There are 2 protein chains.
Amino acid sequence: MKQFARSPKDIGQAIRQARKDKNLTQKDLAVKSGVWQETISKVETGAASTKVETLFALLAALDLELAVLPRSRGSQADLEDIF
Amino acid sequence: MKQFARSPKDIGQAIRQARKDKNLTQKDLAVKSGVWQETISKVETGAASTKVETLFALLAALDLELAVLPRSRGSQADLEDIF
DNA sequence: AGACTATATGATGCGAAAGTCATATTGACA
DNA sequence: TGTCAATATGACTTTCGCATCATATAGTCT
């Protein structure tokens, strides 16, 4: 079940989704990924930006990866969705 | 043509690929995305980490988006690929 | 080879992310 | 509702990305 992402917020939602699907708490994921629980909270809620390393550490701990693909479907996200 | 990514380096390569496919220089992309040419260079070569906002700014300027999906195919990337 | 363009590298300053610890708030459930 | 676990928030410090400018290196074409 694939999640598309055009903004940090999208990614955060996908991570939270995947974490819950695997029945992990933020603390569990923190231990697995080496990322602090507090940081995970911020990432999932989109409260703060993230470094790409942090993102991949979380994705790896959740057995996820990314695919880069052309924006075909749906409407364009405007810059406010990103910044 | 889809690019999978499990590390910042993978993303950098995908961005470079997409940029060249569109016949854009780093400078062109810098103008379109609002990200400095120097930063793009670092991102593409994987020399430095990036903020997720920067990543999405580049992807948007290249009409790309991400998909989050389970790591199924191929071998696992180990942590050195990420950090 | 020379000239021009593209990309990489290097230094500095600022701001923001992450680590860290403490605590508040929310959520679940007996 | 009271308690415990889960998540969010806040403060503070350190680390690091980005903007910025300058310059070096690499590529390309004549």
Side-chain angles (χ1 to χ4, degrees), chain A residues 3 5-64 66 68 77-83, chain B residues 3 5-64 66 68 77-83:
Chain A
Q3 295 262 16
R6 296 179 174 188
S7 69
K9 198 182 301 180
D10 291 345
I11 291 274
Q13 286 170 356
I15 286 177
R16 169 162 290 184
Q17 182 70 50
R19 177 175 64 78
K20 300 215 149 171
D21 287 351
K22 293 187 178 353
N23 270 45
L24 296 172
T25 68
Q26 288 183 350
K27 186 72 193 144
D28 294 336
L29 182 55
V31 171
K32 283 193 71 166
S33 64
V35 176
W36 246 241
Q37 177 264 317
E38 292 87 339
T39 300
I40 296 175
S41 171
K42 283 175 200 152
V43 170
E44 288 187 354
T45 56
S49 169
T50 325
K51 285 191 300 177
V52 179
E53 279 103 327
T54 305
L55 176 62
F56 277 108
L58 295 176
L59 292 173
L62 291 167
D63 281 302
L64 299 174
L66 296 180
V68 182
D78 54 326
L79 283 182
E80 281 127 52
D81 291 337
I82 296 171
F83 290 106
Chain B
Q3 294 263 14
R6 296 178 175 188
S7 69
K9 198 181 300 179
D10 292 345
I11 291 273
Q13 285 170 357
I15 286 177
R16 170 160 290 184
Q17 183 70 48
R19 177 175 63 79
K20 301 215 149 172
D21 287 352
K22 292 189 181 350
N23 270 45
L24 297 172
T25 68
Q26 289 182 349
K27 188 70 193 146
D28 294 335
L29 182 55
V31 171
K32 284 194 71 167
S33 64
V35 177
W36 246 241
Q37 177 265 315
E38 292 86 338
T39 301
I40 295 175
S41 170
K42 283 173 200 154
V43 170
E44 288 189 353
T45 56
S49 169
T50 326
K51 285 193 300 179
V52 180
E53 280 103 327
T54 304
L55 177 62
F56 277 109
L58 295 175
L59 292 173
L62 291 167
D63 281 303
L64 300 173
L66 296 181
V68 182
D78 53 327
L79 283 181
E80 279 128 54
D81 291 338
I82 296 170
F83 290 105

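Values below: all heavy atoms of this structure, side chains included; hydrogens, waters and symmetry mates excluded. Residue numbers begin at 1 in each chain, while the letters A, B, ... track the order of the sequences. In this text the structure is predicted, and so the values were computed from the model without any measurement.
- Just one of Leu29(B), Thr50(B), Thr39(B), Leu64(B) meets the side chain to side chain contact (heavy atoms under 4.5 Å, CB included) condition when paired with Leu58(B); it is Leu29(B).
- Using a 4.0 Å heavy-atom criterion, one finds that Thr39(A) contacts the sugar-phosphate atoms exclusively.
- Rounded to an integer number of Å, the gap from Lys42(B) NZ to dA11(C) P is 11 Å.
- Distances shown here put a side-chain N or O of Ser41(B) below 4.0 Å from the OP1 or OP2 atom of dA8(C).
- Close to dT7(C), at under 4.0 Å from its OP1 or OP2, lies a side-chain N or O of Arg19(B).
- Within the nucleic acid shown, Glu44(A) has no heavy atom closer than 4.0 Å to any nucleic acid atom.
- When the side-chain nitrogen and oxygen atoms of Thr54(A) are compared with OP1 and OP2 of dA18(C), one or more of them lie within a distance under 4.0 Å.
- Going from atom CG of Leu29(A) over to atom P of dA18(C) covers 14 Å, rounded to whole Å.
- Relative to the side chain of Lys51(B), the nucleotides dA17(C), dT7(D), dT9(C) differ in distance, and dA17(C) lies closest.
- Sequence order on DNA chain D of the closest nucleotides to Glu38(B) and Val43(B) puts Val43(B) first from the 5' end.
- The separation between Gln26(B) atom CD and dC18(D) atom P is 14 Å, rounded to whole Å.
- Comparing atom distances between the Trp36(B) side chain and each of dA17(C), dA19(D), dA8(C) picks out dA19(D) as nearest.
- In terms of heavy atoms, Thr45(B) sits closest to Arg16(B) at CG2-NH2, 4.1 Å.
- Test Gln17(A), Lys9(A), Arg19(A), Gln13(A) against Glu44(A) for side chain to side chain donor-acceptor pair (under 3.5 Å) and you get one pass: Arg19(A).
- A close approach under 4.0 Å does occur between a side-chain nitrogen or oxygen of Arg16(B) and OP1 or OP2 of dA8(C).
- When distances are taken from the side chain of Gln37(B) to each of dA18(C), dA8(D), dA8(C), the shortest belongs to dA8(C).
- Here the nucleotide nearest the side chain of Thr25(B), chosen from dA6(C), dA17(C), dT9(D), is dA6(C).
- At whole-Å resolution of the value, CD in Glu53(B) and P in dA17(C) are 7 Å apart.
- Distance Lys27(A) NZ to dA22(C) P: 13 Å, rounded to the nearest Å.
- At least one side-chain heavy atom of Val68(A) sits less than 4.5 Å from a side-chain heavy atom of Ile11(B).
- Rounded to whole angstrom, the span from the CG atom of Asn23(B) across to the C1' atom of dA6(C) amounts to 13 Å.
- With values rounded to the nearest 0.5 angstrom, Asn23(A) atom CG is found 9.5 Å from Asp28(A) atom CG.
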